[in-house]
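Encoded as structure tokens, the structure appears first; notes follow it.
All heavy atoms count here, side chains included; hydrogens, waters and symmetry mates do not. What you see is a predicted model, and the numbers here were worked out from it, not measured in a lab.
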Amino acid sequence: QVQLVESGGDLVQPGGSLKLSCAASGSIFSRYIVGWYRQAPGKQRELVASMTSGGITNYADSVAGRFTISRDNAKNTMYLQMNSLEPEDTAVYYCNAKLFPGSFGFWGQGTQVTVSS
């Protein structure tokens with residue numbers, strides 16, 4: 001129904017910034033709840049940020065004030081702007097789109113973000 005492709009992951013020094021992109025196709029993107037998740041080795045996947053179709057956002061406490069989720073429905077693309085990056089932010093980041101809260105939804109392939117000096 002919807003295909004997602006992430007890009008933008010990289011190696012960055014602590015305090016640096018990075019912007020991830022997720023391009024969607026195959027469905028009506030504007031109708032979906034979108035989100036960014038991350039998973040570090042040996043740890044469970046966790047929600048980083050989400051945005052409803054109406055623009056309501058939610059952030060994990062660990063990233064609030066540093067990360068910003070946004071979406072451009074005309075371009076069928078969602079973004080995660082990451083500032084003041086910390087080593088604890090190192091993980092594979094996945095974008096997600098779903099029609100219903102609590103459902104599994106559709107996932108991108110993941111992009112690696114490594115924060116290290």
Side-chain angles (χ1 to χ4, degrees):
Q1 289 175 266
V2 60
Q3 300 108 249
L4 304 173
V5 179
E6 295 125 322
S7 62
D10 205 353
L11 171 66
V12 63
Q13 292 187 330
S17 296
L18 207 58
K19 188 174 185 177
L20 306 182
S21 299
C22 179
S25 63
S27 192
I28 305 175
F29 181 67
S30 62
R31 302 295 185 183
Y32 284 77
I33 302 165
V34 299
W36 289 94
Y37 295 74
R38 66 187 182 188
Q39 187 167 22
K43 307 201 74 174
Q44 288 188 296
R45 181 179 60 197
E46 64 175 350
L47 174 68
V48 175
S50 65
M51 177 180 285
T52 69
S53 60
I56 305 300
T57 58
N58 181 53
Y59 295 93
D61 289 341
S62 59
V63 307
R66 300 188 297 120
F67 291 11
T68 303
I69 187 172
S70 62
R71 65 195 297 171
D72 187 336
N73 291 328
K75 296 180 179 179
N76 291 335
T77 304
M78 59 185 291
Y79 308 93
L80 184 68
Q81 177 66 53
M82 304 183 292
N83 299 324
S84 301
L85 283 162
E86 304 168 352
E88 293 77 14
D89 297 317
T90 297
V92 177
Y93 284 71
Y94 301 89
C95 60
N96 172 267
K98 65 182 73 174
L99 288 173
F100 312 105
S103 66
F104 186 76
F106 302 91
W107 295 87
Q109 82 285 355
T111 186
Q112 176 70 49
V113 174
T114 302
V115 185
S116 176
S117 58

Legend entry - disulfide bond (SG atoms under 2.5 Å apart) partners of residues 54-92, not counting sequence neighbours, each pair once: none
Legend entry - Other ILVMFWY residues reachable from Val5 by side-chain steps of under 4.5 Å: none
Legend entry - Contact summary for Leu4 and Ala97, nearest pair of heavy atoms: CD1-N, 3.7 Å
Inset, instruction - Could you list all the disulfide bond (SG atoms under 2.5 Å apart) pairs where at least one residue sits in residues 39-69, not counting sequence neighbours? - result: none
Inset, instruction - Go through the structure and list residues passing side chain to side chain donor-acceptor pair (under 3.5 Å) with Thr114, not counting sequence neighbours. - result: Gln112
Legend entry - Set of residues satisfying side-chain contact (heavy atoms from CB on, under 4.5 Å) with respect to Ser30, sequence neighbours excluded: Ile28, Asn73
Legend entry - Exercise: identify the closest heavy-atom pair between Pro14 and Ser117: CD-N, 3.7 Å
Legend entry - Thr111 (side chain) donor-acceptor with Gly9 (main chain) under 3.5 angstrom: yes
Inset, instruction - Could you list all the ring-ring contact (aromatic ring centres under 6.0 Å, His included) pairs where at least one residue sits in residues 54-91, not counting sequence neighbours? - result: none
Legend entry - side-chain contact (heavy atoms from CB on, under 4.5 Å) assessment of Arg31 paired with Ser53: CA-CA 6 Å; Arg31 302 295 185 183; Ser53 60; 5.7 Å; no
Legend entry - Pairs flagged by disulfide bond (SG atoms under 2.5 Å apart) wherever residues 39-71 is involved - sequence neighbours left out: none
Inset, instruction - Would you list the pairs meeting ring-ring contact (aromatic ring centres under 6.0 Å, His included) in which at least one residue belongs to residues 83-109, sequence neighbours left out? - result: Tyr37-Trp107, Phe104-Trp107
Inset, instruction - Mind jotting down which residue pairs meet the side chain to side chain donor-acceptor pair (under 3.5 Å) criterion with at least one end in residues 80-90? Sequence neighbours excluded, please. - result: Ser17-Asn83, Arg38-Asp89, Arg66-Asp89, Gln81-Asn83
Legend entry - Distance, nearest 0.5 Å, that separates OH of Tyr32 from CZ of Arg71: 11.0 Å
Inset, instruction - Apply side-chain contact (heavy atoms from CB on, under 4.5 Å) to Thr52 and list each qualifying residue two or more places apart in sequence or on a separate chain. - result: Ile56
Legend entry - Pairwise salt bridge (charged side-chain N to carboxylate O under 4.0 Å, His left out) hits with a residue in residues 1-26, at least two apart: none
Inset, instruction - Quick one: pull up CG in Asp72 and CZ in Phe29 and give me the separation to the nearest 0.5 Å. - result: 9.0 Å
Inset, instruction - Give a yes or no on this: more than 12 heavy atoms of other residues, nucleotides or ligands lie within 6.0 Å of atom CZ of Arg45. - result: yes
Legend entry - Shortest non-hydrogen separation from Ala49 to Leu80 and the atoms involved: CB-CD1, 4.4 Å
Legend entry - Connected via hydrophobic side-chain network under 4.5 Å: Val63 and Ile33: no
Legend entry - Heavy-atom pair with the smallest gap, counting every atom of Gly110 and Val92: CA-CG1, 3.9 Å
Legend entry - Contact list for residues 11-117, test disulfide bond (SG atoms under 2.5 Å apart), sequence neighbours left out: Cys22-Cys95
Legend entry - Where Thr77 and Ser21 come nearest, the two heavy atoms and their spacing: CG2-CB, 4.5 Å
Legend entry - From Asn96 atom CG to Met78 atom CE, the distance as rounded to the nearest 0.5 Å: 7.5 Å
